[in-house]
There are 2 protein chains.
Amino acid sequence: MQRTLSVIEYSVDEEAMAAIAKALGHPVRLKILKLLATHECCFTGELRELIPMAQSTISQHLKALLEAGLIQGEINPPKVRYCINPERWLKASALFGKFFIPDKRSLCD
Amino acid sequence: MQRTLSVIEYSVDEEAMAAIAKALGHPVRLKILKLLATHECCFTGELRELIPMAQSTISQHLKALLEAGLIQGEINPPKVRYCINPERWLKASALFGKFFIPDKRSLCD
DNA sequence: GTTATTAATCGTACATTTGCGATGAACTAA
DNA sequence: TTAGTTCATCGCAAATGTACGATTAATAAC
């Protein structure tokens with residue numbers, strides 16, 4: 001893929017929010033986050049029982065969420081416990097909250 | 001790409017939110033939305049002056065936002081005016097707002 | 001040591017996204 | 001009609017994403 005020659009300038013928040021939105025842009029990842037955030041808080045691979053996909057696929061989605069910083073994993077010998085990353089979660093909440101506020105006029109005339 | 005045999009069941013909101021998040025998952029599209037939402041409300045292709053990308057590329061991103069329902073276009077003979085879609089914008093705001101609320105306990109112990 | 005369990009990673013196949021230039025459609029103005 | 005403007009769409013190339021099975025690594029239990 002060719003990239004634009006003139007580098008496009010984005011704000012830090014734009015970059016951060018796009019990365020988070022991208023991570024949220026798949027229903028399986030939303031479901032995982034919802035489970036971690038509400039169901040029983042910190043979790044491990046009983047996700048496999050709740051999500052009918054191959055173990056490797058779920059692991060891949062978890063990796064995407066990790067790389068977006070939205071979750072964190074704590075290895076607990078044979079298992080791994082995944083949790084929401086509270087700081088990043090708050091950051092995401094703030095970014096999206098601010099984004100959707102109609103700063104001036106967001107409605108058409 | 002192979003799909004899972006057992007169809008995965010998502011809630012309507014999960015599907016909707018994933019689609020919106022996907023559309024938000026690119027810095028150019030965030031910038032476009034930000035411009036439409038704040039700068040001068042309804043807009044046309046002076047986006048081209050603000051975003052140093054090929055016209056076809058910008059058009060493609062606008063199409064993605066249209067398909068996600070986040071914006072709407074009104075053809076105004078040689079030009080097209082794009083605006084935020086207020087209903088969808090509110091819906092998105094509500095979805096993300098609800099999503100990030102720590103329903104029970106979102107922090108690890 | 002061996003075995004079992006859990007989860008990450010590798011390799012593969014296919015789909016989708018992202019960028020571009022070129023072309024085409026629609027309308028205005030001359 | 002002829003140009004000019006604006007924007008969508010097409011076709012291409014390269015990158016990324018998504019799913020899978022197979023393998024590997026780490027640890028616990030024996």
Side-chain angles (χ1 to χ4, degrees), chain A residues 1-8 10 14-15 18-33 35-36 42-68 70-83, chain B residues 1-10 14-15 18-32 35-36 42-68 70-83:
Chain A
M1 178 180 48
Q2 306 102 291
R3 300 202 115 286
T4 33
L5 289 178
S6 55
V7 184
I8 311 177
Y10 301 115
E14 270 171 342
E15 294 275 16
I20 292 173
K22 198 170 182 180
L24 297 178
H26 192 292
V28 163
R29 291 196 292 267
L30 281 186
K31 197 182 264 297
I32 291 173
L33 287 173
L35 286 168
L36 293 184
C42 302
F43 235 73
T44 158
E46 47 249 317
L47 290 168
R48 289 196 52 199
E49 297 174 11
L50 298 168
I51 300 175
M53 302 187 102
Q55 178 262 323
S56 56
T57 305
I58 296 179
S59 194
Q60 224 169 349
H61 284 299
L62 287 168
K63 190 180 179 187
L65 292 172
L66 274 172
E67 283 171 353
L70 288 168
I71 64 173
Q72 52 200 171
E74 169 201 329
I75 56 177
N76 207 342
K79 307 196 178 185
V80 178
R81 258 160 57 103
Y82 283 104
C83 330
Chain B
M1 180 178 49
Q2 306 100 293
R3 301 203 114 286
T4 33
L5 289 178
S6 55
V7 184
I8 310 178
E9 65 308 322
Y10 301 116
E14 270 172 342
E15 295 274 17
I20 293 173
K22 199 170 181 179
L24 298 178
H26 192 293
V28 163
R29 291 195 292 268
L30 281 186
K31 197 182 266 297
I32 291 173
L35 286 168
L36 293 183
C42 300
F43 235 74
T44 157
E46 47 249 316
L47 290 169
R48 288 197 54 200
E49 297 173 11
L50 298 168
I51 299 174
M53 300 187 104
Q55 178 261 324
S56 56
T57 305
I58 296 179
S59 193
Q60 222 169 349
H61 284 299
L62 287 169
K63 189 180 180 188
L65 292 171
L66 275 171
E67 284 172 352
L70 288 168
I71 65 175
Q72 53 200 169
E74 168 201 329
I75 56 177
N76 208 344
K79 307 196 179 186
V80 178
R81 258 161 56 102
Y82 283 104
C83 331

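Because the structure is a prediction, the values reported are computed rather than measured. The chains referred to below are lettered A, B, ... by the order of the sequence lines, with proteins before strands, and numbering in each begins at 1.
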Student: Roughly how far, to the nearest 0.5 Å, is CD of Q55(A) from CZ of R48(A)?
Tutor: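 Here the rounded value is 5.5 Å.
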Student: Q60(A) has an atom CD; how far is it from atom P of dA13(C), in whole Å?
Tutor: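 Taking atom P of dA13(C) as the reference, CD of Q60(A) is at 16 Å.
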Student: Which residues pass the side-chain contact (heavy atoms from CB on, under 4.5 Å) test with A19(A), sequence neighbours left out?
Tutor: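 Once residues adjacent in sequence are excluded, A19(A) has no partner under the side-chain contact (heavy atoms from CB on, under 4.5 Å) criterion.
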Student: Is there side-chain contact between L70(A) and L24(A), with at least one heavy-atom pair below 4.5 Å?
Tutor: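 L70(A) vs L24(A): side chains touch.
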Student: Please give, in whole Å, the distance from dT16(D) P to E67(A) CD?
Tutor: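 Atom CD in E67(A) sits about 13 Å away from atom P in dT16(D).
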Student: Which residues pass the side-chain contact (heavy atoms from CB on, under 4.5 Å) test with E67(A), sequence neighbours left out?
Tutor: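 In terms of side-chain contact (heavy atoms from CB on, under 4.5 Å), with neighbours along the sequence ignored, E67(A) is linked to K63(A).
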Student: Regarding R48(B), tell me which of base, sugar-phosphate or nothing describes its non-hydrogen contacts under 4.0 Å with the strands shown.
Tutor: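 The answer is nothing, as R48(B) stays clear of every strand by at least 4.0 Å.
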Student: Among the candidates dA8(D), dC20(D), dA19(D), find the nucleotide nearest to the side-chain atoms of H26(A).
Tutor: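 My answer, after comparing the listed nucleotides, is dA19(D).
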Student: Can you find a pair of side-chain heavy atoms, one from L47(B) and one from L62(B), that are under 4.5 Å apart?
Tutor: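 L47(B) vs L62(B): side chains touch.
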Student: Once each nucleotide of nucleotides 22-30 of chain D is scored for protein heavy atoms under 4.0 Å, what B/S/- sequence comes out, 5' to 3'?
Tutor: B----SS--
Student: Check the distance between dA7(C)'s P and M53(A)'s CE and give it to me in whole angstrom.
Tutor: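 It works out to 17 Å between those atoms.
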Student: Could you please name the option among dT9(C), dA8(C), dG21(C) that lies closest to any side-chain atom of V80(A)?
Tutor: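 The answer is dA8(C), which lies nearest to the side chain.
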Student: Take the protein atom OH of Y82(B) and the nucleotide atom P of dT6(D), then report the distance between them rounded to whole Å.
Tutor: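 Taking OH of Y82(B) and P of dT6(D), I get 14 Å after rounding.
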Student: Nearest to the side chain of K22(B), heavy atoms from C-beta on, is which of dT18(C), dT6(C), dT16(C)?
Tutor: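 So the nucleotide nearest the side chain must be dT16(C).
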Student: Within this structure, what is the CZ-to-P distance between R29(B) and dT16(C), rounded to whole angstrom?
Tutor: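 Atom-to-atom, R29(B) to dT16(C), this comes out as 15 Å.
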Student: Please list every stem that involves DNA chain C, where a stem is a run of 3 or more consecutive Watson-Crick or G-U wobble pairs with both pairing distances under 3.5 Å.
Tutor: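 In DNA chain C, stems of three or more pairs: C:1-30 with D:1-30.
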Student: With sequence neighbours excluded, tell me which residues meet side-chain contact (heavy atoms from CB on, under 4.5 Å) with Q60(A).
Tutor: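 Q60(A): no side-chain contact (heavy atoms from CB on, under 4.5 Å) contacts found.
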Student: Rounded to whole Å, please give me the gap between CZ in R81(A) and C1' in dT6(C).
Tutor: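 Going from R81(A) (CZ) to dT6(C) (C1'), I get 15 Å.
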Student: Apply side chain to side chain donor-acceptor pair (under 3.5 Å) to H61(B) and list each qualifying residue two or more places apart in sequence or on a separate chain.
Tutor: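 Result, side chain to side chain donor-acceptor pair (under 3.5 Å) vs H61(B): R29(B).
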Student: Using OP1 and OP2 only, check whether a side-chain N or O of S59(A) sits under 4.0 Å from dA8(C).
Tutor: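 Yes, within the criterion.
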Student: Tell me which nucleotide among dG19(C), dA19(D), dC20(D) gets nearest to the side chain of H61(A).
Tutor: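 Shortest atom-to-atom distance from the side chain points to dA19(D).
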Student: Nearest-Å distance, CD1 (I58(A)) to P (dC20(D))?
Tutor: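 Answer to the nearest Å: 9 Å.
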Student: Among L30(A), L35(A), L36(A), whose side chain to side chain contact (heavy atoms under 4.5 Å, CB included) with I32(A) holds?
Tutor: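 The residue from L30(A), L35(A), L36(A) that satisfies side chain to side chain contact (heavy atoms under 4.5 Å, CB included) with I32(A) turns out to be L36(A).
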Student: Taking all non-hydrogen atoms of both residues, which atom of N76(B) and which atom of R81(B) are closest, and how far apart?
Tutor: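 N76(B) and R81(B) have their closest heavy atoms at ND2-CD, 3.4 Å.
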Student: Just the rounded figure in Å: distance from C1' of dT9(C) to NZ of K63(A).
Tutor: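 From K63(A) NZ to dT9(C) C1': 7 Å.
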